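Reading through the structure tokens given below for one structure.
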Amino acid sequence: MQEIRKYVRENKQRFLDELFDLLRFPSVSADPKYKEEMSKTAEFVAEKLKAAGAENVEICPTAGYPIVYGEKIVDRSMPSVLVYGHYDVQPPDPLDLWKTPPFEPTVRDEKIFARGACDDKGQFYMHIKAFELMMQTDTLPCNVKFMIEGEEEVGSANLGTFVSQNKERLKADVVLISDTSMISLEHPSLETGLRGLSYVEVEVTGPNRDLHSGVYGGAVANPVTVLAKLIASMHDEDNHITIPGFYDNVLELSSKEREELNKAPYDETEYKKDLEVSELWGEKGYSTLERTGTRPTLEVNGIWGGYIGEGAKTVLPSKAFAKISMRLVPNQSSEEITRLFQNHFENIAPKSVKVKVSPHHGGEPVVTPTDSIAYKAAQKAILESFGKEPIPTRGGGSIPIVALFEKELGIKTVLMGFGLDSDNLHSPNEKFDIANFYKGIETIPLFHKYFAELSK
Ligand code: BES
Ligand code: MN
Ligand code: MN
């Protein structure tokens, strides 16, 4: 531990400078205009992996953006850790809400502000630096493989093929991912589950063209009004989702499990204050921690139609649209929920409009084991670096690859995230506390150490 801290201390500024270089690439996977930048980011990651001591570093092409692979095999008979991360980021919009530009990393108040600072560049880069540290101090106790992809934020469409075509190369005893949150530095925690996702886009068409809202208004159904009603009807007065069959496969937690989960520190007053809302909202009968971790949800991510430019335009629009995501929990299936949504939406639509549902990407929910060697190694590592036992929590977000690794490779994951829920992931002014970045670099070598020890 002393040696780890010493190495981090001596290389502090360089670690940060390198992360800043990484954050300067606008690697937005959703927007094709950043294609060039995506390749440059992959090259940068590959170069840093090599410099840290990885072998067989390769930028593997896919039908979409490339996957960066690298490894250090100490001894084939030793256990192997597969580190997964993603170098792509969410679009930075709306730009005018950023205090400093999203791709010009800036430190304010001991925090790094930039798109990707926490999700996931700042977090996977900790692993590259921790690996460098283990190589430089000659303390790497097991084999490590890195797989850093560029399409996580758009659904990892090409990752499945890569994984199934590279089973031998990716073979490992555990997948280690830092792409989730912890409660705080005072209350370190480990996420033990992630929700799945069904993402759909709906289109409601009324008349065949935009109409004068005075001439035709009152005689023809307005698709925006219809869509608003359809969406509103998808939660009942207790905020349960009304899609028939939606809850059929939901695994209810035992009262013991619920009790455990609700022990995690949570301050409702603070929570409301942070978000500037005077009341919370959610499914009746469940706490906030349960609502965000163990219950499925349906959220509108975007809704539009008609005139949304400056000033007023009296128009009865022909079309209205919405993007809707549903977060899933064990044992819901993304494909089935998408189908149920589609059937329901088509059923409840009035004859005055036509509706179309287009499924986007999805992912399956997962629960990660807490009785495994790898989880125990993470517990021990955190206990040593933070001086406190980590609290197990359930994450509300989704990392579809986790279920895929389990299915394709039969490997379970440890989610050792160092971000905070308040890091503004996917929103303006995304940040990562510098302290969390260094804490991660310090904790990761301990994970490897204990994982190798406990595997013996
Ligand atoms: N890192 C996040 C997921 C996450 C964040 C999990 C915080 C737990 C806590 C990941 O990059 C992400 O944003 N995933 C998407 C899903 C993906 C299919 C686009 C999500 O959760 O919306
Ligand atoms: Mn992420
Ligand atoms: Mn993300």
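Computed from a predicted model, the values in this text were never measured in an experiment. Order of listing sets the numbers, starting from 1, for every ligand and every atom in it.
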Pairing of Arg394 and Glu191 as salt bridge, 4.0 angstrom limit
no

Have a look at the Mn ion (ligand 3) and estimate, to 10 degrees, the angle subtended by NE2 (His426) and OE1 (Glu153).
90°

Who's the nearest protein heavy-atom neighbour of atom 6 (C) of ligand 1, and how far?
Gly397 CA, 3.7 Å

Ring centre gap for Phe25 and Phe44 strictly below 6.0 Å:
yes

If we only consider heavy atoms of Gly395, is any one of them less than 4.0 Å away from an atom in ligand 1?
no

For ligand 1, which atoms have a heavy atom of Arg327 less than 4.0 angstrom away?
20 (C), 21 (O), 22 (O)

Angle at the Mn ion (ligand 2) between OD1 of Asp119 and NE2 of His86, to 10°?
90°

Check this for me - ligand 1, Ser181, N or O atoms closer than 3.5 angstrom, yes or no?
no

Without swapping roles, check the side chain of Glu151 against the backbone of Tyr65 for a donor-acceptor pair under 3.5 Å.
yes

Does Glu152 reach ligand 1 with a nitrogen or oxygen that is under 3.5 Å from one of the ligand's nitrogen or oxygen atoms?
yes

Considering only heavy atoms, does Asp179 approach ligand 1 within less than 4.0 Å through its side chain, its backbone, both, or neither?
both

Report the part of Gln90 in contact with ligand 1, treating N, CA, C, O as backbone and CB onward as side chain, heavy atoms under 4.0 Å; options are side chain, backbone, both, neither.
neither

Location of contacts on Gln123 toward ligand 1, heavy atoms closer than 4.0 Å
neither

Considering only NZ, NE, NH1 and NH2 on the basic side and carboxylate oxygens on the acidic side, decide whether Glu335 and Arg339 come within less than 4.0 Å.
no

Sole candidate of Lys72, His448, Lys449 that passes side-chain contact (heavy atoms from CB on, under 4.5 Å) when paired with Met134:
His448

Could you check whether any heavy atom of Leu425 sits closer than 4.0 Å to an atom of ligand 1, since that is the contact criterion I want to use?
yes

Tyr87 six-ring centre to Lys121 NZ/CZ under 6.0 Å and within 45° of normal:
no

List the closest protein heavy-atom neighbour of atom 3 (C) of ligand 1: residue, atom name, distance to the nearest 0.1 Å.
Ser398 O, 3.5 Å

For ligand 1, find out whether one of its N or O atoms is nearer than 3.5 Å to an N or O atom of Thr180.
no

For the residue pair Phe146 and Tyr84, is the inter-centroid distance of their aromatic rings smaller than 6.0 Å?
no

Could you list which atoms of ligand 1 come closer than 4.0 Å to a heavy atom of Glu191?
8 (C), 9 (C)

Can you list the ligand 1 atoms lying under 4.0 Å from a non-hydrogen atom of Pro400?
18 (C)

Which bit of Val154 is near ligand 1, meaning a heavy atom under 4.0 Å away: side chain, backbone, both or neither?
neither

Check whether any N or O atom of His86, backbone or side chain, sits under 3.5 Å from an N or O atom of ligand 1, and answer yes or no.
yes

Test: Lys48 and Glu132 ion pair at under 4.0 Å
no

Would you call Glu252-Arg295 a salt bridge at under 4.0 Å N-O?
yes

So that I can check it, does any N, O or S atom in Glu152 come closer than 2.8 Å to the Mn ion (ligand 2)?
no

Of Val174, Asn143, Leu454, Asp173, the residue whose pairing with Pro79 passes side-chain contact (heavy atoms from CB on, under 4.5 Å)
Asp173

Measuring only between side-chain heavy atoms, which start at C-beta, is Ser80 closer than 4.5 Å to Glu71?
no

Single hit among Thr242, Ile243, Asp238 for side-chain contact (heavy atoms from CB on, under 4.5 Å) with His240
Asp238

Return yes or no for this condition: an N or O of His361 is under 3.5 Å from an N or O of ligand 1.
no

